[in-house]
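Worksheet: the structure to be examined is printed underneath.
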2 protein chains.
Amino acid sequence: MSKATIYDVARVANVSIKTVSRVLNGEPKASAETRARVMEAARSLNYTPSLSARALSGSRSFLIALVSSGGVSDNAMLYVTELQMGAIQACRAGGYHLLTEYIDLGASDFTALTETLVSTLRVDGVILIPPLCDDPQLLSLLAQRGVTCVRISPTLDGSAEEKWGWGVDIDNYQAAFQMTRHLMDQGHRDIGFIQGHPKHAAAAQREAGYRDALFDGGPIPDRLIQPGLFTFDSGLSAARALLEQPRRPTAIFAANDSMAMAVLSVAYKMGIPVPSALSVAGIDDLPAASVVCPPLTTVRQPVMEMGAAAARFIIDRTAGQVGSYLKKVFDHSLVVRESTAPPT
Amino acid sequence: MSKATIYDVARVANVSIKTVSRVLNGEPKASAETRARVMEAARSLNYTPSLSARALSGSRSFLIALVSSGGVSDNAMLYVTELQMGAIQACRAGGYHLLTEYIDLGASDFTALTETLVSTLRVDGVILIPPLCDDPQLLSLLAQRGVTCVRISPTLDGSAEEKWGWGVDIDNYQAAFQMTRHLMDQGHRDIGFIQGHPKHAAAAQREAGYRDALFDGGPIPDRLIQPGLFTFDSGLSAARALLEQPRRPTAIFAANDSMAMAVLSVAYKMGIPVPSALSVAGIDDLPAASVVCPPLTTVRQPVMEMGAAAARFIIDRTAGQVGSYLKKVFDHSLVVRESTAPPT
DNA sequence: GACACTGGGGACAGCGCTGTCATTAAGCCC
DNA sequence: GGGCTTAATGACAGCGCTGTCCCCAGTGTC
């Protein structure tokens with residue numbers, strides 16, 4: 001009862017341990033009858049193979065690491081949590097397990113991290129979250145060691161892209177383009193924009209989408225565009241800069257929800273009613289987005305599915321499939337809630 | 001370069017592998033000189049021991065599992081994320097690694113989970129999050145298999161408590177008591193309360209704190225107390241029930257922040273200004289609590305530290321320390337923000 | 001009938017460590 | 001100085017699997 005090994009199963013099924021191993025791993029050489037006998041024995045003994053033993057003797061570890069960095073703060077963590085949820089589910093389905101590792105961005109001991117991942121844990125793959133997924137040093141270290149990487153919302157880096165692993169993302173340009181058009185359709189023309197973190201690829205793409213959607217033949221005045229860092233606090237300053245202008249915009253589109261919520265907060269404090277005097281929109285559809293007042297108009301990305309796809313890619317890859325897309329782009333969708341309305 | 005083993009280190013240091021093992025594990029028998037030589041060799045080779053091999057041959061796996069359940073939703077996930085953050089940090093410090101497992105509450109295949117944890121992963125300990133940490137079936141399965149458990153915010157179950165593992169928590173009673181007194185100090189007497197999930201131990205304790213603080217010789221009218229489930233949605237209905245009363249309370253204390261935010265949302269929709277016409281308070285200090293309008297008065301618990309303590313307990317325990325408190329109670333603190341004010 | 005060939009299955013050697021026990025050199029007591 | 005303990009180290013046998021090689025029977029094939 002305490003611990004069934006492959007030997008026990010072999011004895012009960014009256015075959016060699018190698019045959020048990022074959023059956024359990026779905027290898028071809030095994031007659032249907034033998035297979036059934038082994039399965040039955042395994043079930044009756046409540047047998048589960050030891051991960052350590054499999055990893056030690058075989059070439060797979062059944063482990064995937066999700067690496068997140070300290071830089072990620074406040075609400076953005078929800079993004080990570082949701083990704084993780086998806087990854088865990090995909091792992092369960094594939095008999096894998098998810099390790100979560102954490103690294104301080106400051107002390108960049110990427111060598112130690114890599115060594116841990118490769119030598120100590122021998123993970124079958126790594127899921128990298130921004131901004132880690134865009135760090136050339138880390139990426140090349142991992143590539144050197146032959147680690148399968150999946151990058152979440154990575155920078156498109158042309159040539160190097162391929163060797164640095166698969167990626168999952170949404171079409172950030174389109175998302176921002178559509179949101180801007182949504183505001184324009186409501187009649188807004190004076191639409192402020194809060195930029196994302198300059199090192200994050202999605203930030204630039206979202207800004208481009210905004211610019212292209214808004215561009216009507218004339219350039220966009222500088223005063224409409226304020227820098228941000230994807231964090232709530234950075235959104236606060238940007239919102240103030242936008243709203244304290246003599247002729248303030250009728251709508252503000254922030255590059256993500258955290259900053260959009262900051263806009264809501266500043267507007268509240270300044271006594272500017274949303275959406276009647278100011279429309280506010282974001283991107284991400286954080287859980288909190290539907291909870292704030294008024295609920296935020298935003299763009300939803302299928303974060304959980306992206307996490308699941310990331311894990312699945314690693315699992316399939318390790319199992320043999322070689323499929324090497326450059327990256328998979330997921331569908332997004334506009335979520336119109338109450339923070340946007342035609343200007344009055 | 002690709003993969004240094006203990007043999008390589010032994011060769012370089014000119015000792016046997018057993019000695020390397022001893023040095024690396026901090027076992028006593030090893031001269032200072034040998035120790036230095038081995039350390040140097042290990043460093044120069046960039047050696048990291050293989051977890052699988054260690055787990056297979058030794059009695060420790062250096063793995064801790066954090067088990068969360070599907071029931072956890074929306075903002076509550078942040079609580080889990082923060083716990084996890086703390087646990088990861090403690091793991092890193094102790095050379096451990098954190099696995100995150102997930103289980104659907106509906107399909108209670110706890111046997112499979114336990115088997116995976118014990119046989120497949122051979123984890124050194126498990127961190128259980130509510131409501132999992134209060135499930136007798138799971139707890140007894142794990143206890144049977146001799147798994148070290150740490151329960152987060154567990155139900156105090158007297159007799160059985162001890163054998164079911166260590167626990168970390170805050171003093172929920174005191175937290176609620178103090179918050180209620182804070183509202184009373186501001187002059188509130190008509191203080192509504194939204195209960196937490198009936199299966200969650202903390203819910204009952206918080207309610208008791210509220211009741212005892214408010215009780216002034218007369219019983220508390222039923223209309224002031226509404227059921228909730230710790231979720232935003234449940235908070236919505238409770239808030240409506242409270243605010244649609246002919247004589248509505250001047251303050252509402254929700255058993256957690258998610259529900260307090262729901263109160264904010266309902267008040268906003270009903271045109272009730274907070275805090276001038278209604279004070280709102282919660283417990284947890286979710287990141288979102290400081291972001292909503294107005295920022296929420298709440299009780300902060302040191303969630304990250306609690307996660308770290310949980311992991312540390314398992315690590316120490318596995319390393320030999322036997323220390324068996326029943327549970328560790330962490331300090332909480334009142335965070336007074338803008339959602340509470342004297343009634344007008 | 002000899003000769004591949006193939007589907008089904010076993011023997012066996014590790015994977016890289018730790019536990020146990022044995023061994024050696026030193027120190028110590030009377 | 002012989003027998004004792006003690007500190008420091010090594011030899012060796014696994015831990016529970018998978019990879020590789022090998023064997024054996026049946027089945028065509030000319």
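Since the structure is predicted, the reported quantities are computational estimates derived from the model, not experimental observations. Per chain, numbering begins at 1; letters A, B, ... match sequence-line order. The basis for the numbers below is simple: all heavy atoms, side chains too, and nothing from hydrogens, waters or symmetry mates.
- Nearer to the 5' terminus of DNA chain C, by closest-nucleotide assignment, is the contact made by A:R35 (compared with the other of A:R35 and A:I17).
- Sequence order on DNA chain C of the closest nucleotides to A:Y7 and A:K29 puts A:K29 first from the 5' end.
- Contact annotation: B:S16 side-chain N/O to D:dT9 OP1/OP2 distance is not under 4.0 Å.
- Of the two residues contacting DNA chain D, namely B:P28 and B:G58, the nearest-nucleotide position lying further toward the 5' end is that of B:P28.
- In this structure, the CD atom of B:E33 is 12 Å from the P atom of D:dA8, given to the nearest Å.
- Here the P atom of nucleotide D:dG16 and the CG atom of B:L56 are 7 Å apart, to the nearest Å.
- Atom-to-atom, CZ of A:R22 to P of D:dG19 comes out at 11 Å; the value is rounded to the nearest Å.
- In terms of phosphate contacts, A:S50 brings no side-chain nitrogen or oxygen within less than 4.0 Å of OP1 or OP2 of D:dG16.
- An OP1 or OP2 oxygen of D:dG10 is reached within less than 4.0 angstrom by a side-chain nitrogen or oxygen of B:T19.
- The interatomic distance linking B:R11 (CZ) with D:dG10 (P) rounds to 14 Å, in whole Å.
- The NZ atom of B:K18 sits 5.0 Å away from the CD atom of B:E27 when rounded to the nearest 0.5 Å.
- One atom, CG of B:L24, and another, C1' of D:dT9, lie 16 Å apart when rounded to the nearest Å.
- Counting to the nearest Å, the C1' atom of C:dT18 and the NZ atom of B:K18 are 5 Å from each other.
- Checked by atom type and distance alone, the side chain of A:T19 never pairs as donor or acceptor with a backbone atom of A:V15 at under 3.5 Å.
- Side-chain N/O atoms of A:T34 include none lying less than 4.0 angstrom from OP1 or OP2 on C:dG8.
- One interatomic measurement links the two molecules: CG of B:L51 to C1' of C:dG16, which rounds to 12 Å at whole-angstrom precision.
- Rounding to the nearest 0.5 Å gives a distance of 10.5 Å between CZ of A:R35 and CZ of A:R22.
- For D:dT18, the OP1/OP2 oxygens have no side-chain nitrogen or oxygen of A:S59 closer than 4.0 Å.
- Cation-pi check for B:R92 over A:Y102 is not met; the charged atom does not lie both under 6.0 angstrom from the ring centroid and within 45 degrees of its normal.
- Across the protein-nucleic acid pair, B:E27 atom CD and D:dT9 atom C1' stand 12 Å apart, rounded to whole Å.
- Contact annotation: A:S21 does not reach the phosphate of D:dC17 (side-chain N/O to OP1 or OP2, under 4.0 Å).
- The aromatic rings of B:F62 and B:Y96 are tilted relative to each other, their planes meeting at an angle between 30° and 60°.
- Counting non-hydrogen atoms under 4.0 angstrom, B:S52 reaches nothing in the nucleic acid.
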